A.B. asks: 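First the structure, then my questions, so here it is.
Order of listing sets the numbers, starting from 1, for every ligand and every atom in it. What you see is a predicted model; the values in this text were computed from it and never measured.
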Amino acid sequence: MMNIFKKNNKLLTVMTAVIMTAALSACSLQMNRLNDEKPLYSSDDSYRTVYEIFVYSFCDSDGDGIGDLQGVISRLDYIEDLGFDAIWLSPICPSPTYHKYDVTDYKAVDPEYGDLSDYEALIAECHARNIRVYNDTVMNHSSSEHPWFKEACDYLRSLAPGEEPDASACRYLEYYNFTDKESGGYSRVLGTDWFYEARFWSGMPDLNLDSPLVRAEFRDIAAFWLDEGCDGFRMDAVTSYYTGDKNMSIEALGRFVSDVKELDPDAYIVCEGWSSQADYSEYYASGADSMFDFEFADSDGIIANTLRGSCTAERYVSTQLAEQGLYASFNPDYINAPFYTNHDMGRSAGYYAGEYADARVKMAGALNLLMSGTAYVYYGEELGMKGSGKDENKRAPMQWSSDPDATGMCSGPAGMDNISMKYGSYEDQVKDENSVYNYYREAIRLRRIFPAIARGDIAAILHSDAGCAVYIKVAEGCDPVMIAINTSSEEVTVKIPEMYCDYSLLAGTLNTSSDKITYRSGTLTLPAYDVAVITKDQK
Ligand code: CA
């Protein structure tokens, strides 16, 4: 069997081939230590494990069926216990829609969610727990109900037929892209022969990011939320900033990033560029900390395909190794942003069918959480919630309880289908040690116990084939870890090369069955869909 070794251009760790049939190593039998016995690593920077909260559907505190900020506060014990140390809030600013990606006031909280004092309380509660808070920030477009847009349209309507607009008469004219030429992606200003760019929908007019006034507005908006205690921003739709012009989009993002970093060098910025890896990797040139790693996400990404067997474990690790160099070539300080699903994607419990579906649902969570950088988990994935098709279904009420009238339960977006869940609610799953919930909790704990998982780069791949990979992650200031994954439905046995026999301690495991992981005399036996973390034994 071949061993595959790669050169890591960041860590300069070059390995040589090792033959699988090596003589018995000196590695000795070690005890399997339970994940729960070890303290969690406490981050003081942006390497975190982030919980994406779709606020509307997460937790309702006042009985109107709509999630709100006090609801989020009431579930911080839950979030903290799972091991998350940051949250990404879906947009909270006033908006006419339930999803609130079309903003009418960038410096306020939508009354459905509470007010600024609730936001400040949330920040205080989060910071007391070392949980950071990232606001979803929509700079590509505003709502057509935003006063900026309404005032600009009112001005255009006030013009006499054939009269040229005067930019000095209405400052908001330059906030948007108005034209008197009708074309695709543009909508008519009602009552006029003027059109405005609105690529997503007529209710979302594209902002003109060329305008120094718009740039100043967003610098001001960032300053406002940073003053409120916000720790960073999740930037919506950055690849749409300039439709068809990537370089302009990267420049506009870069201007915002430099404004934010000037206001607060520790503020963190993660961006949504839903496109190919070759494309979104270039956005690291903006100086943004993180780009969501779409290559691994969704029903057709590397994680899901690896567990379906249509992608090899070898590719899961070799792609991570390759992207380390790719992303660093655009931003040496990049922090990858692995995620598996989000509010725009079908729930992952629907990705798998058949005998191994449950094991695959669980292990997919691990394949996301074992990745380097700041990993994201969409709320409810830790319960294996269902929901696909229309967007509303992907944003179903968090299943705190199977009783829709239980405390905190939301009604969900209007128009959502009646979704039958595959797994029980949180109330049911918390009591079941084999639940998806408890698997996710263990996977997050593993990530938090061994900081090299998040902070490290892959320094060597010791073994990789279709269904199994063994690799080492190394990070400055952290103990290195060896990670072994079996993404197949068969038990695998791997002989660890002699030169790694100082990795002697089976320090953490994730099991999807009662079959035991063993590591004896340098031989690792990994049951189907299981994960082992092996460390040097310094105790
Ligand atoms: Ca509410």
A.B. asks: Report whether any nitrogen, oxygen or sulfur of Asp64 sits less than 3.0 Å from the Ca ion (ligand 1) (N, O or S, backbone or side chain).
C.D. replies: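 An N, O or S atom of Asp64 is closer than 3.0 Å to the Ca ion (ligand 1), so yes.
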
A.B. asks: Taking the side chain from Arg448 and the backbone from Gly83, do they hold a donor-acceptor pair closer than 3.5 Å?
C.D. replies: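 Yes.
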
A.B. asks: Measure centre to centre between the rings of Tyr175 and Trp148, then say whether the value is under 6.0 Å.
C.D. replies: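 Tyr175 vs Trp148: aromatic centres under 6.0 Å.
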
A.B. asks: Below 4.0 angstrom, N of the basic side chain to O of the carboxylate: do Glu382 and Arg441 qualify?
C.D. replies: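 Result for this pair is no, no salt bridge flagged.
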
A.B. asks: Please name the pair of heavy atoms, one in Asp403 and one in Met409, separated by the smallest distance, quoted to 0.1 Å.
C.D. replies: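 Heavy atoms only, the tightest pair is O-CG, 3.5 Å.
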
A.B. asks: Is there an N/O/S atom in Ile66 at a distance below 3.0 Å from the Ca ion (ligand 1)?
C.D. replies: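 Ile66 does place an N, O or S atom closer than 3.0 Å to the Ca ion (ligand 1).
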
A.B. asks: Closer than 4.0 angstrom, basic N to acidic O: yes or no for Asp136 and Arg234?
C.D. replies: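 Looking at Arg234 together with Asp136, the answer is yes, because their closest N to O distance falls below 4.0 Å.
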
A.B. asks: Give the atom name of whichever N/O/S atom in Asp60 sits closest to the Ca ion (ligand 1).
C.D. replies: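 Output for this pair reads OD1.
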
A.B. asks: With the Ca ion (ligand 1) as the point of reference, which N/O/S atom of Asp62 is the closest?
C.D. replies: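 Of the nitrogen, oxygen and sulfur atoms in Asp62, the Ca ion (ligand 1) lies nearest to OD1.
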
A.B. asks: Which N, O or S atom name in Asp68 marks its closest approach to the Ca ion (ligand 1)?
C.D. replies: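 Going by distance to the Ca ion (ligand 1), the closest N, O or S atom in Asp68 is OD2.
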
